[in-house]
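Here the structure comes first, spelled out in structure tokens, and everything after it is commentary.
Keep in mind it's a predicted model, so treat the numbers as computed, not measured. Just so you know, residue 1 is the first one in the sequence shown, and it goes up from there.
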Amino acid sequence: MSDSAENKSFKQRLEGVKKTRWIRFGIVSVIFFLWVIWLGNPWVLLVYPILFDIYLTLYIPWNWWKKSKNKTVRTVMGWVDSIVYALILVYLIFAFIGQNYKIPSSSLEKTLLIGDYLWVNKMCYGPRVPQTPLHFPLCQNTFPIINTKSYIEKPQFEYHRLKGYRDIERGDIVVFNFPAGDTIVMNMQNPDYYTVCYKIGESYIAQNPFENQFKDKRDYIKACMNIGRDYVAKNAEFGEKIYRPVDRRENYVKRAIGLPGDYLKIVNNIIYINNKPLEEPKNVQYNYFIRTNGTTIDAPIWDEAGVSVVDRGEVQMDNNMAQQGLVYIAPLTYDMVNYFKSLSYVVSVERVPVYEDFPLYPITGGYGWTRADYANNLPKGIWIPKKGKTLELNIYNLPIYKRLIKNYEGNELEVIGNDIYINRERTTRYTFKMDYYFMMGDNRDCSADSRYWGLVPEDHIVGTPMVVLISIDQDKGFRWNRIFKTANPDKE
């Protein structure tokens with residue numbers, strides 16, 4: 001900028017602004033003030049003088065590079081300028097309107113398929129104001145290739161959600177941040193850190209003769225966790241242990257089954273809400289053994305049935321069992337079960353018995369629940385906390401709510417004998433600050449869901465998928481018939 005330009009008065013600067021630039025500034029100002037009203041945060045108005053200077057007064061030479069005599073400088077800075085504007089626009093869109101999301105697993109088959117790229121609507125339930133504002137908008141938490149954090153942890157803002165146009169309804173497919181993703185080890189993120197520790201401790205205790213020294217199941221579980229944490233901390237193979245802020249945790253997608261204030265239990269795979277059986281989604285699936293008379297089930301049959309390649313499994317058997325035929329295992333809907341039963345060479349189609357590879361939530365509870373019978377020994381099931389409602393706490397139900405009270409709502413919690421202390425005060429009651437949700441997949445026997453990692457707090461909710469943008473089958477390429485297909489057909 002020349003000396004004469006630098007010495008211009010405020011009035012002279014405004015008089016020199018082109019009409020088109022005034023129009024652009026007016027449009028930006030309207031959008032900005034509407035955004036501030038929506039945010040409900042007047043402090044954001046402090047940004048407005050910067051916009052005023054960028055569009056009108058130019059006390060700061062934002063476009064200095066346009067007057068450079070060096071063509072390379074003008075070219076490079078032109079690209080930088082465009083990229084910065086694009087990233088700011090993407091940041092605002094992803095933070096407050098919506099973003100794309102890829103389906104990584106089969107937990108919601110056949111509603112959503114592996115390889116579906118979804119547009120997630122954040123305005124439906126109200127977008128969260130970013131809690132970790134300094135982050136790269138195209139990465140959730142890690143830069144690819146260089147494998148470093150894509151965010152700066154400070155500053156951290158308190159949770160605040162803007163007004164949406166409706167609440168979460170039962171049956172909604174919801175995208176949310178993984179609740180158990182607060183602590184991770186970089187080289188092993190699936191299953192989560194807590195399950196990894198438990199399984200390591202369980203394996204160690206099984207190989208050593210002191211298991212019978214534990215007072216009870218909870219004492220045993222606590223020992224498993226302590227042994228596992230110590231092992232993970234001392235072994236570099238797991239990588240660095242880090243904490244992730246709420247909005248930088250991995251994105252998961254499940255169906256909202258239990259809502260705030262509900263009582264939920266599962267008895268023989270039937271979900272009960274407030275002691276009434278819940279109608280299952282149309283595409284709900286369970287694992288089945290498919291036994292044939294020795295005939296191989298070829299790819300066209302699997303395709304006709306609608307079983308994806310990753311879900312097709314053949315059970316390995318010894319020679320005597322193999323003489324009785326071939327056995328496959330796959331997740332099937334009720335319609336798919338009938339399809340396989342109709343094949344002349346299929347001898348039987350039977351449910352796979354429940355077998356738990358991983359402990360259920362709460363790990364430290366020792367309640368003896370399974371994914372098919374969850375909270376079934378409680379009169380109504382587990383209570384799903386509702387904001388402002390008070391729960392009577394005791395030693396028996398504390399494991400279900402301890403993580404909610406301590407980790408999600410930020411309280412000190414300690415148990416001394418049979419007494420519960422919250423924020424150093426002895427109590428038998430707690431009033432919740434947030435709503436919570438019980439999330440499940442439609443592929444019930446192949447879904448890591450609330451049965452394994454617990455209830456989802458409202459501050460973890462991202463939004464609801466609206467439409468499939470594109471869909472790519474890793475074996476067959478584009479699924480053209482899924483482009484722009486609704487992502488939540490059960491809610492139509």
Side-chain angles (χ1 to χ4, degrees), residues 103-116 171 173 253-255 257 266-272 277-317 321-322 324-358 360 370-374 439-452 468 471 473-476 479 481-482 485-490:
I103 294 293
S105 71
S106 61
S107 69
L108 278 168
E109 299 250 8
K110 299 301 180 186
T111 304
L112 298 177
L113 308 181
I114 296 175
D116 280 352
I173 294 177
V253 58
K254 305 290 178 186
R255 193 181 295 277
I257 299 297
I266 303 173
V267 181
N268 193 25
N269 289 301
I270 302 299
I271 299 170
Y272 289 82
L278 183 68
E279 183 180 354
E280 293 183 325
K282 178 182 178 182
N283 291 317
V284 70
Q285 297 180 96
Y286 296 98
N287 285 346
Y288 286 84
F289 286 129
I290 307 169
R291 182 182 293 275
T292 75
N293 59 11
T295 303
T296 301
I297 300 179
D298 295 323
I301 299 297
W302 291 114
D303 291 341
E304 177 69 22
V307 180
S308 61
V309 174
V310 296
D311 286 335
R312 306 169 189 176
E314 184 175 343
V315 179
Q316 300 298 317
M317 299 177 293
M321 293 181 66
Q324 302 174 24
L326 297 176
V327 177
Y328 297 88
I329 185 172
L332 306 176
T333 65
Y334 297 124
D335 288 343
M336 293 158 69
V337 168
N338 291 331
Y339 170 79
F340 280 106
K341 284 183 175 180
S342 71
L343 301 176
S344 60
Y345 54 83
V346 170
V347 176
S348 63
V349 182
E350 299 175 346
R351 284 287 302 277
V352 175
V354 174
Y355 173 76
E356 301 298 351
D357 290 324
F358 301 107
L360 276 78
T370 69
R371 65 172 181 265
D373 291 290
Y374 190 85
M439 304 289 188
M440 295 181 70
D442 293 350
N443 197 347
R444 293 286 163 80
D445 292 339
C446 301
S447 173
D449 50 36
S450 283
R451 293 170 292 180
Y452 293 91
V468 178
S471 184
D473 187 314
Q474 61 181 0
D475 300 300
K476 300 178 182 179
R479 303 184 183 103
N481 63 327
R482 291 190 63 77
K485 187 172 182 179
T486 180
N488 210 337
D490 290 304

Tyr345: partners by side chain to side chain donor-acceptor pair (under 3.5 Å), with sequence neighbours left out
none
Test of understanding: with side chain to side chain donor-acceptor pair (under 3.5 Å), list the residues that count as partners of Tyr288, not counting sequence neighbours.
none
Trace of the side chain to side chain contact (heavy atoms under 4.5 Å, CB included) decision for Leu332 with Gln285
CA-CA 5 Å; Leu332 306 176; Gln285 297 180 96; 5.5 Å; no
Using the salt bridge (Lys or Arg N to Asp or Glu O under 4.0 Å) criterion, which residues pair with Asp116? Sequence neighbours excluded.
Arg479, Arg482
Across all chains, not counting sequence neighbours, the salt bridge (Lys or Arg N to Asp or Glu O under 4.0 Å) partners of Arg444 are none
Who are the salt bridge (Lys or Arg N to Asp or Glu O under 4.0 Å) partners of Asp445, not counting sequence neighbours?
Arg351, Arg371
Set of side-chain contact (heavy atoms from CB on, under 4.5 Å) partners for Val267, sequence neighbours left out
Lys265, Tyr272, Asp373, Asn376
Which residue pairs pass the salt bridge (Lys or Arg N to Asp or Glu O under 4.0 Å) test when at least one of the two sits in residues 292-307, sequence neighbours left out?
Asp303-Arg312, Asp303-Lys476
Kindly write out the residues that satisfy ring pair (Phe, Tyr, Trp, His ring centres under 6.0 Å) with Phe340, not counting sequence neighbours, or none if the list is empty.
Trp302
Side chain to side chain contact (heavy atoms under 4.5 Å, CB included), that's the test. Do Ile301 and Tyr339 meet it? Break it down for me.
CA-CA 10 Å; Ile301 299 297; Tyr339 170 79; 3.8 Å; yes
Hits for side-chain contact (heavy atoms from CB on, under 4.5 Å) against Lys341, two or more places apart or cross-chain, chain-then-number order -> Val337, Val349
Locate the shortest heavy-atom distance separating Ala372 from Ile266; write the atom from each residue and the value.
O-CG2, 3.3 Å
To the closest 0.5 Å, what do you measure between CD1 (Ile257) and CG (Asp442)?
7.5 Å
For the atom pair NZ (Lys254) and OG (Ser447), what is the distance rounded to the nearest 0.5 Å?
3.5 Å
So, the side chain of Arg255 versus the backbone of Gly171: is there a donor-acceptor pair under 3.5 Å, distance only?
yes
With sequence neighbours left out, what residues match Ser308 under side-chain contact (heavy atoms from CB on, under 4.5 Å)?
Glu109, Val310, Asp311
How far apart are the closest heavy atoms of Glu280 and Tyr334, and which atoms are they?
OE1-OH, 3.0 Å
Euclidean distance, Thr333 OG1 relative to Asn443 CG, rounded to 0.5 Å
10.5 Å
Please round to the nearest 0.5 Å and tell me the distance separating atom OG1 of Thr292 and atom OH of Tyr328.
5.5 Å
Looking at Asn293 and Thr295, would you say the former's side chain and the latter's main chain have a donor-acceptor pair under 3.5 Å?
yes
By side chain to side chain donor-acceptor pair (under 3.5 Å), which residues pair with Thr296, not counting sequence neighbours?
none
State the CD1-CD1 distance between Ile290 and Ile297, to the nearest 0.5 angstrom.
5.0 Å
Minimal heavy-atom distance between Thr111 and Ala487, with the atoms involved, is CG2-O, 4.2 Å
For Ser450, check side chain to side chain donor-acceptor pair (under 3.5 Å) against everything at least two apart and list the hits.
none
